[in-house]
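Here's the structure we're looking at; comments come further down.
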Amino acid sequence: MTATREEAEEAADRVPGSRLSARLYEPVLWLGEKTGFRRWRHKVVAQVSGSVLELGAGTGLNLGHYPCGLERLVLVEPDVHKAKLLAAKPRPPGVSAEIVRAPGELLPFEDDSFDTVVETLVLCTVADPEATAAEIRRVLKPDGRFLFMEHVRSDKPRLGRLQDRLEGPWKKFADGCHCNRRTVPMLKASGFEVEVVAEQDKFPMPPVVRPIVSGVARPVADPAS
Ligand SMILES: C[S@@+](CC[C@H](N)C(=O)[O-])C[C@H]1O[C@@H](n2cnc3c(N)ncnc32)[C@H](O)[C@@H]1O
């Protein structure tokens, strides 16, 4: 059964977050945004269409990249402090974006509600990536698209092993972010067909958060249905 808004908000209250980390988020990312992330965000977010859900919208760094004339835009963000900063940002032209406090693991929307789900740098942070992927799949229409941009565990053996060793300290330093998630295989195992559109190893970010991948995932038809 779909969670109610109240149940989702209660679950959102249990997601870690603080006023300080919300305030520091954009200054900490400033260099990365200037030297690459902004361009990547644009490539991912400009592709959305129809009825759109953004997962973990944070402080709203994607808002300036949405196309005009969307049917619906819902911005899901569990952290109350980031949600406040998000609410203060200008909306894309012609779209009255609604902010909903919920974790990715418990989305208060009916099945098959959205044409596009989009996220940037969120599957690295959610507590339960598999449960989040299942919720994304559930709320997407059968012909919908999940657009993502994530840093993932490196295939290079030395860097991958370093990311495994640094997972704990990095998580403490970077607000719950896991630097060694195998997000693309996880999406495939969760019932998506995944097309990696771009992968970049030489990003001007610390090696623990490389490579960055962006792509499109489409729900695979359920053989039982
Ligand atoms: C690294 S920030 C990315 C924010 C934004 N998407 C961006 O690209 O700037 C990770 C975001 O995921 C959110 N988050 C953490 N746990 C979450 C969960 N379980 N479900 C959904 N979002 C979550 C955080 O509050 C934060 O806004």
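Each ligand, and each atom within it, is numbered from 1 in the order the structure gives. Since we're looking at a predicted model, the values are computed, not measured.
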Is the gap between the ring centers of Trp40 and Phe37 under 6.0 Å? no

Can Gly17 be said to touch ligand 1, with heavy atoms closer than 4.0 Å? no

Please report the interatomic distance OH(Tyr25) to CG(Leu121), rounded to the nearest 0.5 Å. 5.5 Å

Give me the nearest non-hydrogen protein atom to atom 8 (O) of ligand 1 as residue plus atom name, then the distance to 0.1 Å. Thr120 OG1, 2.6 Å

Should the pair Arg72-Asp115 be classified as a salt bridge under the 4.0 Å nitrogen-to-oxygen rule? no

For Glu54 and ligand 1, does the shortest N/O to N/O distance drop below 3.5 Å? no

Between Glu98 and Arg5 (salt bridge meaning N to carboxylate O under 4.0 Å), is one present in this structure? yes

Considering only the protein, which heavy-atom contact is closest to atom 12 (O) of ligand 1, and what is its distance? Val122 CG1, 3.8 Å

How far is atom 5 (C) of ligand 1 from its nearest protein heavy atom, and which residue and atom is that? Gly56 O, 3.4 Å

I need the Glu10 CD to Thr4 OG1 distance, nearest 0.5 Å. 7.5 Å

Heavy-atom contacts with Asp79 under 4.0 Å: which atoms of ligand 1 show up? List them by number with element. 25 (O)

Subset of ligand 1 atoms that lie under 4.0 Å from at least one heavy atom of Val15: 15 (C), 16 (N)

For atom 18 (C) of ligand 1, what is the closest protein heavy atom, and at what distance to 0.1 Å? Val126 CG1, 3.5 Å

Please evaluate residues Glu26 and Thr59 with respect to the criterion side-chain hydrogen bond (donor to acceptor under 3.5 Å, both in side chains), reporting the C-alpha separation (whole Å), side-chain torsions for both, the decisive distance (0.1 Å), and the verdict. CA-CA 8 Å; Glu26 290 191 20; Thr59 58; 2.6 Å; yes

With atoms numbered from 1 as shown, which atoms in ligand 1 lie under 4.0 angstrom from a non-hydrogen atom of Gly58? 4 (C), 27 (O)

N or O pair under 3.5 Å between Tyr25 and ligand 1: yes

How far does CG of Asp79 sit from CG of Asp175, to the nearest 0.5 angstrom? 8.0 Å

Of all the heavy-atom pairs spanning Glu105 and Ala127, show the shortest one and how long it is. OE2-N, 3.1 Å

What protein heavy atom sits nearest atom 20 (N) of ligand 1, and how far off is it? Gly104 N, 2.7 Å

Can Leu123 and Arg181 be said to form a side-chain contact (heavy atoms from CB on, under 4.5 Å), step by step? CA-CA 8 Å; Leu123 289 176; Arg181 284 201 166 152; 5.8 Å; no

Compute the minimum heavy-atom distance from Met149 to ligand 1 and say whether it is under 4.0 Å. no

Between Leu61 and ligand 1, find which residue part has any heavy-atom pair under 4.0 Å and reply side chain, backbone, both or neither. side chain

Note the single closest protein heavy atom to atom 15 (C) of ligand 1, along with its residue, its atom name and the distance in Å. Thr125 CG2, 3.6 Å

For ligand 1, indicate whether the residue Glu77 contacts it via side chain, backbone, both or neither (heavy-atom separation under 4.0 Å). side chain

Picking from Thr116, Val139, Val216, Leu187, what satisfies side chain to side chain contact (heavy atoms under 4.5 Å, CB included) with Phe146? Leu187

If you measure every N/O of Pro78 against every N/O of ligand 1, is any gap under 3.5 Å? no

Starting from atom 19 (N) of ligand 1, which protein heavy atom do you reach first, and at what distance in Å? Glu105 OE1, 2.9 Å

Subset of ligand 1 atoms that lie under 4.0 Å from at least one heavy atom of Leu121: 1 (C), 2 (S), 3 (C), 10 (C)

Ion pair check, Arg210 and Asp201, cut-off under 4.0 Å: no

